[in-house]
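A quick write-up on the structure given underneath.
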Amino acid sequence: MMSDQSSEKAEVKMYSDFKSPYAYLAFDPGMALGERFDVRVRWIPFQLRVKGKGERSVYSEYKVKYSYMDARRWAKPRGLWIRGPLKVYDTTPAAIGGLFAETQGRLLDFGRLAFKKFFLRGFEADQPEARLIAELGLSDHHYLDYLAGEGRAAYERCQEEAVADHVFGVPFFLFAGEPFWGYDRLGMLEQRLAEAGLAIGDEVTSA
């Protein structure tokens, strides 16, 4: 449950999907915004709709290959490994896993583990992620109950909110009604936060 002090802070929404390499790159710095700015970051899962091989034009194939190459260039200096998935995933179970972990105060840990294992091809993001939940020391039984009931409803509310916010890709940040799409827009978002007088202390760095 959020404290009254937390609820009074300005909110930054961060829409994310565990199958997006750029959402992976943005996850840690996005979640850390609250350490350098007087804001509350709200992580919201969004189901990115993408076409698989054979459904894309040759130009879209070029774009996909370039996007992963570019993501790896961003990832390498941070010690992150990104391998392209072998199929298009419906990441609903993993997203609900994130929502469950958040109810237990472990969203950051779950997100880091889920992204890392997914991009090392270490788990199937379209399957119930009880194993990841258990690795964090949380109850896999409670997660499965949440997945079948309350979690599904919470996930659907997130998708409805994304429609209202005109979300079309991830990572997608929203602050004071202004959207910022893409990992490379984090610096621009930080500048807006600084201009709003929300920087904590004197140190403000871009992502």
Side-chain angles (χ1 to χ4, degrees), residues 1-48 67 70-80 82 91 94-116 136 154-207:
M1 182 180 298
M2 294 183 299
S3 67
D4 292 340
Q5 182 179 2
S6 175
S7 63
E8 293 173 358
K9 289 186 176 183
E11 180 180 78
V12 173
K13 296 182 182 181
M14 179 172 71
Y15 285 94
S16 185
D17 186 352
F18 287 116
K19 64 175 167 281
S20 164
Y22 291 97
Y24 182 17
L25 293 170
F27 183 72
D28 263 77
M31 293 293 289
L33 287 172
E35 298 174 7
R36 294 181 293 111
F37 299 92
D38 191 24
V39 298
R40 177 175 64 92
V41 179
R42 183 155 72 94
W43 176 85
I44 308 173
F46 173 72
Q47 185 70 231
L48 189 63
S67 294
D70 222 12
R72 292 185 186 105
R73 290 192 291 209
W74 284 104
K76 186 176 180 180
R78 292 173 52 186
L80 304 179
I82 294 176
T91 49
I96 296 176
L99 291 171
F100 174 76
E102 186 174 37
T103 68
Q104 308 299 305
R106 301 293 299 279
L107 172 60
L108 186 61
D109 295 329
F110 178 87
R112 287 171 172 169
L113 186 62
F115 273 122
K116 179 179 180 179
L136 297 177
Y155 169 80
E156 292 301 335
R157 288 194 297 271
C158 290
Q159 306 317 294
E160 292 169 5
E161 186 171 356
V163 171
D165 285 338
H166 300 172
V167 178
F168 53 84
V170 294
F172 191 98
F173 297 88
L174 200 67
F175 168 66
E178 184 177 2
F180 301 84
W181 174 48
Y183 170 65
D184 58 348
R185 296 301 187 273
L186 263 169
M188 189 179 295
L189 169 59
E190 291 182 357
Q191 183 61 38
R192 291 290 187 276
L193 296 177
E195 290 170 355
L198 296 171
I200 298 174
D202 297 326
E203 184 177 352
V204 179
T205 59
S206 61

>> I need the full list of side-chain hydrogen bond (donor to acceptor under 3.5 Å, both in side chains) pairs touching residues 23-32, with sequence neighbours left out, sorted by first then second residue.
In response: D28-R112
> Could E8 and R40 be called an ion pair, given the rule that one side-chain N must be under 4.0 Å from one carboxylate O?
Replying inline: no
> Are F180 and L186 close enough, and set up right, to give a side-chain contact (heavy atoms from CB on, under 4.5 Å), and what steps lead you there?
Replying inline: CA-CA 8 Å; F180 301 84; L186 263 169; over 6 Å; no
>> Counting C-beta onward and ignoring hydrogens, is there a side-chain heavy-atom pair between M188 and R185 closer than 4.5 Å?
In response: yes
>> Between F115 and F27, is the ring centroid distance below 6.0 Å?
In response: yes
>> Please evaluate residues F18 and F110 with respect to the criterion ring pair (Phe, Tyr, Trp, His ring centres under 6.0 Å), reporting the C-alpha separation (whole Å), side-chain torsions for both, the decisive distance (0.1 Å), and the verdict.
In response: CA-CA 11 Å; F18 287 116; F110 178 87; 5.8 Å; yes
>> Can you confirm whether more than 12 heavy atoms, excluding those of K116, are under 6.0 Å from its NZ atom?
In response: no
>> Is any side-chain heavy atom of Q47 closer than 4.5 Å to one of K19?
In response: yes
> What closest approach, in Å, do V170 and W181 show between heavy atoms, and which atom pair accounts for it?
Replying inline: N-NE1, 3.6 Å
>> Working note: V12 + R42, criterion side-chain contact (heavy atoms from CB on, under 4.5 Å); need CA distance, chi angles, decisive distance, verdict.
In response: CA-CA 6 Å; V12 173; R42 183 155 72 94; over 6 Å; no
> If we only count heavy atoms from C-beta on, is the E11 to V39 side-chain gap below 4.5 Å?
Replying inline: no
> For the atom pair CZ (F172) and OG (S20), what is the distance rounded to the nearest 0.5 Å?
Replying inline: 13.5 Å
> Rounded to the nearest 0.5 Å, how far does OH of Y155 lie from CD1 of I96?
Replying inline: 7.0 Å
>> Just so I know, are the side chains of R36 and I200 near enough to count as touching, which here means a heavy-atom distance under 4.5 Å?
In response: no
> How far apart are the closest heavy atoms of M14 and A26, and which atoms are they?
Replying inline: SD-O, 3.9 Å
>> Show every side-chain hydrogen bond (donor to acceptor under 3.5 Å, both in side chains) that has at least one partner inside residues 96-107, sequence neighbours left out.
In response: R106-D109
> Rounded to the nearest 0.5 Å, what separation is found between the CG atom of L136 and the CG atom of L108?
Replying inline: 10.5 Å
> Taking C-beta and beyond as the side chain, do V167 and L174 meet within less than 4.5 Å on heavy atoms?
Replying inline: no
>> Counting the benzene-type ring for Trp, do Y183 and F173 have ring centres under 6.0 Å apart?
In response: no
> Which heavy atom in A71 sits nearest to a heavy atom in L25, and how many Å separate them?
Replying inline: O-CD1, 3.9 Å
> Is any side-chain heavy atom of L48 less than 4.5 Å from a side-chain heavy atom of T91?
Replying inline: no
> Under a 4.5 Å cut-off applied to non-hydrogen side-chain atoms, are D165 and Y15 in contact?
Replying inline: yes
>> Are E161 and I44 packed together at the side-chain level, in the sense that at least one heavy-atom pair is separated by less than 4.5 angstrom?
In response: yes
> What residues form a ring pair (Phe, Tyr, Trp, His ring centres under 6.0 Å) with Y22, not counting sequence neighbours?
Replying inline: none
> What closest approach, in Å, do L107 and G98 show between heavy atoms, and which atom pair accounts for it?
Replying inline: CD1-O, 3.6 Å
> Closest approach of V41 and G30, non-hydrogen atoms and distance?
Replying inline: CG2-O, 3.5 Å
>> Using every non-hydrogen atom in the two residues, find where S16 and A23 come nearest and quote the distance to one decimal.
In response: OG-CB, 3.6 Å
> Counting distance only, does the side-chain N/O of Q159 pair as donor-acceptor with the main-chain N or O of P45 below 3.5 Å?
Replying inline: yes
